2 protein chains.
Amino acid sequence: MSAMAAQTQPKQSEAKLLVVEDDANILELLSASLRFAGFDVSTATSGSAAVSAAKNATPDLVVLDVMLPDLDGFEVIRLMREGGQRTPVVFLTARDGTEDKIRGLTLGGDDYVTKPFSLEELTARIRAVLRRTTAGEEEPSRLVFADLELDEETHEVYRAGQRVQLSPTEFKLLRYLMLNANRVLSKAQILDHVWKYDFRGDDNIVESYISYLRRKVDNVQPRLIHTLRGVGYVLRKPAV
Amino acid sequence: MSAMAAQTQPKQSEAKLLVVEDDANILELLSASLRFAGFDVSTATSGSAAVSAAKNATPDLVVLDVMLPDLDGFEVIRLMREGGQRTPVVFLTARDGTEDKIRGLTLGGDDYVTKPFSLEELTARIRAVLRRTTAGEEEPSRLVFADLELDEETHEVYRAGQRVQLSPTEFKLLRYLMLNANRVLSKAQILDHVWKYDFRGDDNIVESYISYLRRKVDNVQPRLIHTLRGVGYVLRKPAV
DNA sequence: GTACTTTCTCAGTCAACTTTCAGGAAGCGT
DNA sequence: ACGCTTCCTGAAAGTTGACTGAGAAAGTAC
């Protein structure tokens with residue numbers, strides 16, 4: 001595992017998350033990176049522990065694996081809500097039968113992510129759910145850097161006012177770069193955040209996608225995507 | 001504003017609802033989604049609780065299951081009205097004999113929905129009842145987006161002035177898209193809102209109906225229904 | 001009942017997207 | 001300048017997701 005980038009979300013970064021996951025590796029991956037992303041993370045490794053943790057810690061959002069050793073995720077939520085808590089949830093589900101049990105979930109503003117996922121995918125969902133369930137202050141879903149604009153909700157991207165069509169991976173990569181503008185990102189970091197955690201290919205795929213992105217969104221002056229040979233990539237304004 | 005947020009109808013969204021339902025799952029489904037739709041929701045799980053809740057909370061509308069453990073829905077209404085309250089009601093009924101008993105009641109401006117229902121079905125009825133019982137400000141029952149028009153009362157649909165015939169599901173789907181114009185809707189969201197809550201099929205049916213709709217209402221320029229691969233669908237005017 | 005409409009499923013096709021590979025270009029140290 | 005390394009990028013192969021026609025099943029009207 002490579003160094004983890006700081007992708008601090010200034011606005012929502014103080015949010016309290018409760019992460020519930022029985023697989024130690026995934027739990028570690030999640031708590032480390034979500035903490036690094038600026039969330040206040042507590043954890044639980046079983047359903048019953050989750051219920052009491054939720055009572056005490058009153059998290060703003062729960063990241064909840066559906067498959068748990070004792071109670072399943074749905075039970076956990078039912079128990080939490082019986083206690084009057086209306087905490088939003090992002091479920092983690094395997095891509096199998098359990099997926100359809102998720103039905104009805106998007107009604108209350110919750111969401112789900114299927115395993116394996118990429119960290120960017122998960123944090124994007126978490127941020128979206130927080131955005132829509134946090135009363136009041138509408139946080140903009142639009143990232144802007146120089147003359148680059150990216151709308152997280154509609155998936156629209158503009159460079160110098162021109163609409164650009166991106167594939168899902170291109171979009172995720174660009175979002176990651178924009179969230180970390182002016183920060184140098186190694187290929188390993190990019191791989192760790194933008195690609196699913198079970199990806200077993202090599203760095204070259206990052207080069208390929210950087211190349212695609214440059215062609216689509218960085219084909220005008222000033223160039224914003226820069227290569228630091230032997231180090232990584234960075235999105236920044238030239239000059240200085 | 002988020003992907004799913006707000007199928008909120010600004011005008012009616014502050015309305016106070018009292019939801020009366022003894023099945024915990026359905027109650028949770030209803031309160032979560034109606035709250036999310038912007039209503040101010042309180043709940044009761046028995047007929048007697050409903051009567052006193054109605055006294056105290058003075059809701060603008062009651063969503064009332066006919067089958068209740070103690071008093072049945074008709075009794076509840078009778079008691080409420082004996083107390084002088086003339087609150088409109090949307091009944092929830094099983095598809096069985098009780099259906100006929102409802103008929104007489106709907107004359108007063110009330111309405112009913114048979115279980116299982118889809119959320120869009122229910123919110124459409126709630127909105128319609130509020131529209132016709134809320135004195136004064138006539139809210140239009142006509143949705144318009146670009147050259148698409150949909151009349152919620154007559155169920156007529158026009159594209160570019162041309163009348164189009166839609167099946168019930170096609171109509172509901174189009175209404176949902178129009179209510180959420182410019183908002184990206186995932187297949188899961190669409191399934192959750194447009195299909196009945198007991199539907200156990202998969203996403204493909206959404207694709208099928210999108211395909212039907214395109215053939216009927218989106219066969220002219222400019223195309224309004226757009227696919228975001230891996231994300232969902234959106235009704236919007238083409239990019240700038 | 002029969003005919004008709006509508007809903008839902010399935011599977012084939014196609015298009016878009018992802019991933020790999022390999023040759024060439026560009027940067028870097030000496 | 002030379003050689004070494006790293007990066008870029010075109011092309012091909014592999015994979016996935018969406019669209020759609022056909023038809024079974026369920027529901028409705030006559």
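As the structure is a prediction and not an experimental result, all values here were calculated from the model. Proteins come first, then strands; the chains are lettered A, B, ... in the order of their sequence lines, and each starts at number 1.
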Got a list of protein N/O to nucleotides 27-30 of chain D N/O distances below 3.5 Å?
none

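- At a cut-off of 3.5 Å, with distance as the only test, no side-chain donor of B:E28 or B:N25 sits close to an acceptor on the other residue.
- Between the two ends of the helix from C:dG1-D:dC30 to C:dT30-D:dA1, each summarised by a five-pair axis, the helix axis turns through 30° (rounded to 10 degrees).
- Under 4.0 angstrom from either OP1 or OP2 of C:dT5 there lies no side-chain N or O belonging to B:S167.
- Distance from the side chain of A:N204 is smallest for C:dA22 among the nucleotides C:dC10, C:dA22, D:dT16.
- A sub-4.0 Å separation between OP1 or OP2 of C:dT18 and a side-chain N or O of A:T169 is present.
- What you find for A:D151 and A:S141 is that their closest heavy atoms are OD1-OG, 3.4 Å.
- Of all non-hydrogen atoms in B:S167 and B:Y209, the two that sit nearest each other are OG-CE2, 4.2 Å.
- For the pair B:K115 and B:E21, the salt-bridge criterion is met [side-chain N within less than 4.0 Å of a carboxylate O].
- Within residues 205-222 of chain A, the residues having any heavy atom under 4.0 Å from DNA chain C are, by residue number, A:I205, A:S208, A:Y209, A:Y212.
- Residue B:K196 places none of its side-chain N or O atoms closer than 4.0 Å to OP1 or OP2 of C:dT7.
- With D:dA18, C:dT7, C:dT18 as the candidates, the nucleotide lying closest to the side chain of B:K187 is D:dA18.
- If you check the side chains of A:T123 and A:R175, you find no donor sitting under 3.5 Å from an acceptor.
- Note on B:Y233: only backbone sugar-phosphate atoms sit closer than 4.0 angstrom, heavy atoms only; bases stay farther off.
- Remark: side-chain polar atoms of B:D218 are paired, donor with acceptor, to backbone N or O of B:I225 under 3.5 angstrom.
- The pair A:E156-B:R236 counts as a salt bridge, with a side-chain nitrogen and a carboxylate oxygen less than 4.0 angstrom apart.
- Rounding to the nearest 0.5 Å places CZ of A:R159 at 11.0 Å from CG of A:L213.
- Rounding to whole angstrom units, CG of residue B:D202 and P of D:dC19 are separated by 14 Å.
- Atom-to-atom distance recorded for A:K196:NZ and A:T169:OG1 is 8.5 Å, nearest 0.5 angstrom.
- The cationic atom of B:K237 (NZ for Lys, CZ for Arg) lies less than 6.0 Å from the six-membered ring centre of B:F145 and within 45° of the ring axis.
- For the residue pair A:Q189/A:D192, the side-chain donor-acceptor check at 3.5 Å is not satisfied.
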